[in-house]
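What you see below is based on every heavy atom in this structure, not just the backbone, and it leaves out hydrogens, waters and symmetry mates. So that the names make sense, note that chain A is the first sequence line, chain B the second, and so on, each numbered from 1.
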Amino acid sequence: MAWANEDLKAHFEEIAELMEISEEDRYRVRAYQRAAEAIGVAHADLSTLPRGELTSVKGIGDSMAAKIAQYLDEGRIDLLEELRTKVPAGVRELTRVPGLGPKTAMMIHHELGVDSVESLQRAIDGQQLRHLPGLGAKMEEKLRGTIERMGAKSDDRTPAADALPIAEELCAGLAELSQAHRVAYAGSLRRMSETVGDIDVLVAAADAAPVHAALRTSDLVRQVLAAGQRKTSVITARGLQADLRVVDPDAWGAAMVYFTGSKAHNIRIRERAVRRGLTLNEYGLFERPAEGRAEAEPGSERADAEPGEGRAAAEPGDDRPAEEADAGAATGAMVASRDEADVYAALDLAWIAPTLREDTGEVEAAADGALPRIVTEADLCGDLHAHSDWSGDGKEPLESLTTAVASRGWQYWAVSDHAIGLPMNGLDAAGFARRREALAALGDAAGVVVLDSVELNIAEDGKLDFDDDILAEFDWCVAAVHTLLDRDEAAQTERVLQAIMSPHVNAIGHLTGRKIGKRPGFDIDLEAVLQACEETGTALEINGSPRRLDLREEDIRRALDAGVMLTIDTDAHTLGDLDNARWGALHAQRAWVTPDRVLNCQPVETVRAFVADKRERQG
DNA sequence: GCCGTTTTCGGCCCGACTGTTTTCAGTCG
């Protein structure tokens with residue numbers, strides 16, 4: 001049974017986009033955006049949820065529930081069909097061009113008949129845009145450049161693994177400036193999204209101008225997109241956009257909250273601020289002045305300050321000077337700003353880890369003191385999937401890996417070299433026997449337990465590299481699909497289920513075979529896999545390689561719900577790859593994983609008991 | 001269209017930058 005949420009989410013997103021293009025009421029548009037987000041992170045498959053419980057999902061009311069029900073019953077949503085006939089095909093595509101929003105896209109279509117990026121390009125070449133109201137030659141040139149950049153890449157998201165070194169390089173350069181008190185990257189990279197749209201860099205400095213100037217003229221920058229007093233946007237030499245904000249050191253905490261996001265999280269906590277008679281922006285948390293102009297009397301009743309009144313006063317029609325109307329940061333007394341924790345505390349919230357800031361219930365949990373104690377890299381006691389130079393693609397000897405593991409404070413690691421199923425790489429049974437002798441010779445000099453392990457290949461028919469009698473000699477077995485990734489869902493599910501049934505397979509490695517930004521991973525019936533894992537006592541791996549991060553976040557949530565044990569593994573092939581433990585833990589945090597659900601956050605005795613338990617159950 | 005540590009109705013986050021304007025709309029995050 002297919003998981004319906006992804007399709008539903010896409011449909012609600014399309015409704016929201018088409019409504020926005022149709023200039024529907026913006027709050028209605030946002031309701032659909034929020035519904036799409038809520039569906040995307042829902043733990044339950046909405047197609048299996050009793051219809052009456054749909055509205056128990058936050059952001060889903062009666063109207064949304066009816067549309068979900070119609071989709072599940074009929075495979076269509078009337079509202080969406082209607083919108084599709086109203087909004088010309090192609091206009092939605094136009095709004096994908098950065099800098100081109102719904103209003104302009106619709107106008108260009110209406111005036112020039114433009115209905116695709118290609119026809120937009122022709123209109124720009126023909127200098128037709130500059131004659132339209134509100135547009136000019138500069139806009140034409142800007143759009144031309146944007147379309148060129150779009151054409152170079154099929155996807156405008158960059159794997160975080162590629163963005164991080166660029167962000168660190170930018171930060172290191174800015175940190176050298178004498179004016180820079182603090183430098184950090186924020187945004188989706190700090191939240192550890194698996195892909196990022198841009199890099200957000202925050203600098204604390206009393207004098208912003210030299211910092212902005214330094215970025216504009218940096219060797220790392222190819223093109224300056226926007227240059228203001230507070231904000232600079234550039235395209236880096238490696239093609240990724242970076243945004244720089246410079247703030248006063250006293251505003252560091254509020255700025256980090258604002259710049260880390262997510263947008264949905266920011267909106268949630270800003271709404272919370274408004275309900276408390278406060279206003280939150282990147283400069284701090286402030287008291288909201290009554291009547292939108294006079295300063296609040298200290299200790300005055302906040303209840304009589306109408307929420308939104310200050311904002312309404314700045315709408316068109318307001319006759320006050322602009323600088324007074326939009327100087328929100330200067331109107332009320334400062335409540336908090338210096339550190340992130342101060343800002344959250346002033347909103348009666350515990351500090352929320354960046355990886356949780358997606359408006360998926362973390363604000364409510366922080367208010368209730370119910371935030372989970374999420375797993376960190378420091379909780380890991382060992383690694384249950386790493387390669388030595390005994391098999392073809394591992395680069396490092398057992399000795400140096402063991403020393404490195406010891407220096408990280410880990411108690412154990414599983415040397416999981418490939419076997420004969422991968423002929424280019426793997427060891428045969430005799431090879432593993434020789435490796436076993438080497439392991440014995442290694443002893444426990446470093447105080448680390450080295451588990452005798454193998455990464456088995458799951459063949460097309462679900463068979464493993466060795467028979468049970470050979471498998472029984474290993475301390476720990478990871479099994480994974482490495483070949484024939486193009487098989488259909490039924491076939492992939494069946495072969496993985498076969499592997500799970502083996503009494504000697506203790507974990508399934510990188511379940512879907514995805515490579516972020518390169519290949520999506522094959523389809524598999526996750527429900528069936530989870531059920532089999534739970535019944536047999538088999539763990540699922542969270543592969544910490546930043547190229548993989550496989551399981552996906554939503555799959556981890558479902559594994560937690562199904563009661564399946566997880567591992568967080570480095571899949572290291574080099575010493576440096578051991579740092580993947582950090583990526584794996586941060587990725588797991590996004591799914592709210594706690595240490596008790598991660599096998600390698602437990603002592604080695606627990607790992608051995610996990611192995612023994614399965615052999616007893618399945619043997 | 002959703003929702004309530006004020007509310008079942010009346011609200012709904014906030015600011016920066018650009019290009020085209022002479023006071024602002026559109027877009028973005």
Side-chain angles (χ1 to χ4, degrees), chain A residues 12 15-16 19-20 24-35 38 55 57-67 79 95 97-107 130 132-143 146 186-188 197-198 200 224-233 241 243-246 254-255 258-283 286 288 301-312 314-323 325-329 347-348 364 367-368:
Chain A
F12 277 77
I15 290 174
M19 276 186 163
E20 196 175 13
E24 284 275 354
D25 175 68
R26 61 190 163 130
Y27 297 114
R28 211 174 152 219
V29 172
R30 217 175 87 198
Y32 280 92
Q33 287 167 346
R34 281 193 161 173
T55 54
V57 178
K58 220 167 141 65
I60 306 295
D62 290 336
S63 170
M64 301 290 185
K67 290 176 178 71
L79 173 64
T95 64
V97 179
L100 191 54
K103 295 244 174 25
T104 313
M106 200 65 180
M107 192 262 290
R130 62 184 62 186
L132 298 179
L135 298 178
K138 275 193 167 178
M139 267 303 276
E140 272 180 357
E141 282 317 302
K142 203 171 166 178
L143 286 170
T146 304
S188 48
D198 63 10
D200 300 309
V224 177
L225 295 176
Q229 293 183 315
R230 295 177 166 84
K231 182 177 158 182
T232 298
S233 291
Q241 181 170 337
D243 294 337
L244 168 70
R245 267 319 257 279
V246 184
Y258 157 74
F259 224 23
T260 298
S262 67
K263 186 172 160 68
H265 174 86
N266 285 352
I267 290 174
R268 183 70 68 192
I269 60 176
R270 285 174 177 187
E271 286 172 348
R272 189 178 175 87
V274 169
R275 283 199 301 276
R276 279 148 203 270
L278 304 170
T279 184
L280 177 63
N281 58 31
E282 55 264 56
Y283 304 109
F286 301 90
R288 186 174 272 260
E301 291 271 313
R302 306 264 23 113
D304 60 12
E306 288 294 330
E309 189 159 329
R311 190 174 178 287
E315 293 280 315
D318 175 32
D319 55 8
R320 288 178 300 133
E323 53 277 21
D326 63 15
L347 294 169
D348 296 318
E364 293 81 354
D368 295 342

With the side chain defined as heavy atoms from C-beta on, A:Lys67 is closest, among B:dG1, B:dT27, B:dG4, to B:dG1

How long is the span from the CZ atom in A:Arg230 to the OH atom in A:Tyr283, to the nearest 0.5 Å? 4.0 Å

For A:Ala38, report the nucleic acid contact type (base, sugar-phosphate, nothing); a contact means any heavy atom under 4.0 Å. nothing

Which nucleotide in the set B:dG29, B:dG15, B:dG26 lies at the smallest distance from any side-chain heavy atom of A:Asp198? B:dG29

For B:dA16, take OP1 and OP2 only and decide whether either is under 4.0 Å from a side-chain N or O of A:Arg230. yes

How many angstroms lie between atom CD of A:Glu364 and atom CZ of A:Arg272, to the nearest 0.5 angstrom? 8.5 Å

Gap in Å between the two P atoms, one belonging to B:dA16 and one to B:dT21, rounded: 24 Å

Measure from the side-chain heavy atoms of A:Arg275 and tell me the nearest of B:dT7, B:dG1, B:dC17. B:dT7

Kindly say if A:Asn266 contacts the phosphate of B:dC13, meaning a side-chain N or O under 4.0 Å from OP1 or OP2. no

B:dA25 P sits how many Å from A:Leu100 CG, rounded? 19 Å

Integer angstrom distance from the C1' of B:dT22 to that of B:dG29: 28 Å

With the side chain defined as heavy atoms from C-beta on, A:Arg245 is closest, among B:dG29, B:dC12, B:dA16, to B:dA16

Quick one: is A:Arg28 getting a side-chain N or O under 4.0 Å of the B:dG1 phosphate, OP1 or OP2? yes

Span that lies between the C1' atom of B:dT7 and that of B:dC2, in whole angstrom: 13 Å

If we take the P atom in both B:dG4 and B:dC13, what is their distance in whole Å? 14 Å

Would you classify A:Leu280 as touching base, sugar-phosphate or nothing, given that sugar-phosphate means primed atoms plus P, OP1 and OP2, and contacts are heavy atoms under 4.0 Å? sugar-phosphate

Please work out if A:Pro133 contacts a base, only the sugar-phosphate, or nothing of the nucleic acid, heavy-atom cut-off 4.0 Å. nothing

Indicate whether OP1 or OP2 belonging to B:dG15 is found under 4.0 Å from a side-chain N or O atom of A:Lys263. no

Would you measure the distance from the P atom in B:dC14 across to the matching atom in B:dT8 and give it in whole Å? 22 Å

Where the side chain of A:Glu271 is concerned, which of B:dG19, B:dC13, B:dG1 is the nearest nucleotide? B:dC13

Using the P atom as the reference point in each nucleotide, state the distance between B:dG1 and B:dT5 in Å, no decimals. 23 Å

Who does B:dC2 pair with, Watson-Crick or G-U, both distances under 3.5 Å? B:dG11

Contact under 4.0 Å: A:Tyr283 side-chain N or O vs B:dA16 OP1/OP2: yes

Whole angstrom value for the distance that separates C1' of B:dT20 from NZ of A:Lys138: 10 Å

Given the 90°-from-0 boundary between syn and anti, B:dT21 should be labelled anti

Tell me whether A:Asn266 contacts the main-chain N or O of A:Tyr258 through its side chain, where contact means a donor paired with an acceptor under 3.5 Å. yes

Which of the following nucleotides, B:dA16, B:dT27, B:dG19, is nearest to the side chain of A:Lys142? B:dG19

Out of B:dT20, B:dT27, B:dG1, whichever nucleotide has its closest atom nearest the side chain of A:Pro102: B:dT27

Using a 4.0 Å heavy-atom cut-off across all strands, classify A:Tyr32 as base, sugar-phosphate, or nothing. sugar-phosphate

Do other residues, nucleotides or ligands put more than 12 heavy atoms under 6.0 Å from A:Asp62 CG? no

side-chain N/O A:Thr279 vs B:dC13 OP1/OP2, d < 4.0 Å: no

Contact class for A:Ala35 vs. all strands (heavy atom < 4.0 Å): base, sugar-phosphate, or nothing? nothing

Taking only the P atom of each, what is the distance from B:dT20 to B:dC28 in whole angstrom? 16 Å

Under a 3.5 Å distance rule, please check whether A:Arg245 uses its side chain to pair with a backbone N or O of A:Phe259 as donor and acceptor. no

Taking B:dG10 as the reference, what is the distance to B:dG15 when you measure between their C1' atoms (whole Å, please)? 25 Å

Backbone of A:Ala16 reached by a side-chain donor or acceptor of A:Gln33 within 3.5 Å: no

Short side-chain N/O contact from A:Arg30 to OP1 or OP2 of B:dC13, under 4.0 Å: yes

Residue pair A:Asp200 / A:Ser188: nearest heavy atoms and the distance that separates them: OD2-N, 4.3 Å

Closest to the A:Val274 side chain: B:dC13, B:dT6, B:dG1? B:dC13

For B:dC17, does OP1 or OP2 lie under 4.0 Å from any side-chain N or O of A:Ser233? no

